[in-house]
Amino acid sequence: MSGFDLARFMQRGTWGHGGRLGISLHAFGDDWVEMALPYSTDLIGDEASGVLASGPIIAMMDITTSLAVWQRVDAFVPHATLDLRIDYLRRATPGRTVIGRAECLRVTRSISFTRGLAHDGDPADPIANVSATFMLPTGAYPGSRGEGQGEGAR
Amino acid sequence: MKLPPYAAVLKVEIERAEDGHPILVMPFHDDVVGRPGFLQGGAISGLLEVAAIAALDHALSGEGGGRIKPINATVDFQRGGRDKTTRAEGLVTRLGNRVANVEAVAWQDDRAKPIATARMNYLIVRD
């Protein structure tokens, strides 16, 4: 029995920033999530080339990595992005939908670690590599193994 | 500097400091909301990136201009972004011949209490 129903969660519809960007659920498994960001001319960051701005890709990967944590702990827990690092491996191809895929690497009592890739059609030729960490302001992640100290590796 | 179409989605506009340095201003509006009453992290990141590019463009304009290609970015989120105006400013820490290191900070009421900071590296193609 699933405590976090991702498909149903996303059925609430698209709202806010993610909705404005047209970000939607693409596919998911027990420990991974894929979201889609459709190409749109009003998301262009460089008018000369028509390439998407980096902001929408960060926004999608922030959402995707966050969802991957909830998928992993099988629960919706309000958490905050602590940091997000993105490497722009190559420019997204104008006109193509960008797919973001993320997985959760580990969950401690109050910190979760994720990584993700974005591609525009070929997962073997990614456009961006991401790592993001999240923190719980209060309480503990369900099923977390941390002892409340040494929140990081170890 | 002409801001890209994406900046219009964020409703970002440029204010100028006395020395001409660009400061970006983003109102709170429906299209930048994450959880109710708070900015989405991606919208904050987008604002920081626009601020970094504006600062770099400003610095480059004094050296004959050039094209800017993002290499990477690291965003640290210090506080939740509330339902109020957000400002952001970029600082070019080093402008090299091929690469620039840029920092950016976003704040709401108090410049000394940032809601997010970022470090970006850019590849520069000189005109």
Side-chain angles (χ1 to χ4, degrees), chain A residues 12 14-23 35 37 39-66 76-92 94 100 127-135 137, chain B residues 1-12 24 26 28-54 57 67-81 83 88 104 115-123 125:
Chain A
R12 294 192 305 169
T14 47
W15 74 99
H17 192 54
R20 175 63 184 80
L21 301 181
I23 293 170
M35 303 293 283
L37 169 70
Y39 183 81
S40 171
T41 52
D42 58 7
L43 302 183
I44 287 173
D46 177 18
E47 284 193 284
S49 61
V51 171
L52 284 179
S54 44
I57 295 174
I58 295 183
M60 173 173 65
M61 296 312 293
D62 185 28
I63 292 167
T64 310
T65 48
S66 177
F76 170 76
V77 274
H79 58 186
T81 316
L82 185 61
D83 77 340
L84 186 149
R85 148 95 184 198
I86 183 164
D87 289 305
Y88 302 108
L89 307 177
R90 66 171 177 82
R91 300 195 134 196
I127 60 174
N129 182 54
V130 170
S131 67
T133 56
F134 295 85
M135 61 169 288
Chain B
M1 177 193 181
K2 187 173 178 294
L3 293 175
Y6 171 62
V9 170
L10 297 177
K11 295 192 185 350
V12 168
L24 287 103
M26 182 175 79
F28 189 85
H29 58 102
D30 286 350
D31 289 347
V32 292
V33 174
R35 63 195 157 107
F38 288 86
L39 292 173
Q40 211 271 329
I44 299 171
S45 305
L47 172 66
L48 286 165
E49 188 109 52
V50 176
I53 289 172
D57 185 78
R67 284 188 301 129
I68 299 166
K69 296 181 173 183
I71 300 169
N72 49 32
T74 306
V75 186
D76 289 302
F77 298 93
Q78 282 96 3
R79 292 175 177 80
D83 51 350
I115 61 166
T117 55
R119 284 176 296 112
M120 289 86 165
N121 297 314
Y122 294 95
L123 192 65
V125 183

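If you're wondering where the values come from, they're calculated on a predicted model, not measured in any experiment. A, B, ... follow the sequence lines: proteins, then strands. Residue 1 opens every chain.
Considering NZ of B:Lys69 and CZ of A:Arg90, their distance stands at 13.5 Å, rounded to 0.5 Å. Distance check: B:Asn72 CG to A:Ser54 OG gives 11.0 Å after rounding to the nearest 0.5 Å. The distance from atom CG of A:Leu89 to atom CD1 of B:Ile71, rounded to the nearest 0.5 Å, is 12.0 Å. Interatomic distance, NE2 of A:His17 versus OG of B:Ser45, reported as 8.5 Å (0.5 Å rounding). Distance check, rounded to the nearest 0.5 Å: OH of B:Tyr122 to OH of A:Tyr88 gives 7.0 Å.
Both the backbone and the side chain of B:Ala43 come within contact range of chain A, each with at least one heavy atom under 4.5 Å from a heavy atom of that chain. No part of A:Pro137 comes within reach of chain B, as not one of its non-hydrogen atoms sits under 4.5 angstrom from that chain. Of the atoms belonging to B:Ile68, it is backbone heavy atoms, and not side-chain ones, that fall under 4.5 Å from chain A. Proximity to chain B is limited to the backbone of A:Thr41, based on heavy atoms less than 4.5 angstrom apart. Only the backbone of B:Asp30 has a heavy atom closer than 4.5 Å to any heavy atom of chain A.
Residues passing the salt bridge (Lys or Arg N to Asp or Glu O under 4.0 Å) test with B:Asp31 are A:Arg20, sequence neighbours excluded. Applying the salt bridge (Lys or Arg N to Asp or Glu O under 4.0 Å) test to B:Arg67 and every residue at least two apart in sequence or in another chain returns nothing. With sequence neighbours left out, A:Asp46 forms a salt bridge (Lys or Arg N to Asp or Glu O under 4.0 Å) with A:Arg91.
At least one side-chain heavy atom of A:Leu43 sits under 4.5 Å from a side-chain heavy atom of B:Val9.
Atom CZ of B:Arg119 is surrounded by 12 or fewer heavy atoms from other residues, nucleotides or ligands within 6.0 Å.
For residues 32-42 of chain B, the interface with chain A (any heavy-atom pair closer than 4.5 Å) comprises B:Val32, B:Val33, B:Gly34, B:Gln40, B:Gly41, B:Gly42, sorted by residue number.
No other option in A:Leu84, A:Ile58, A:Asp62, A:Asn129 has as many heavy-atom pairs under 4.5 Å with chain B as A:Leu84.
The two atoms that bring B:Pro5 and A:Glu47 nearest to each other are CD-CG, 3.5 Å, heavy atoms only. Taking each heavy atom of A:Asp83 and B:Asp76 in turn, the nearest pair found is CB-OD1, 3.1 Å. Smallest separation of non-hydrogen atoms from B:Tyr6 and A:Leu21: CE1-CD2, 4.5 Å. Counting all heavy atoms, side chain and backbone alike, A:Gly45 lies closest to B:Pro4 at O-CB, 3.3 Å.
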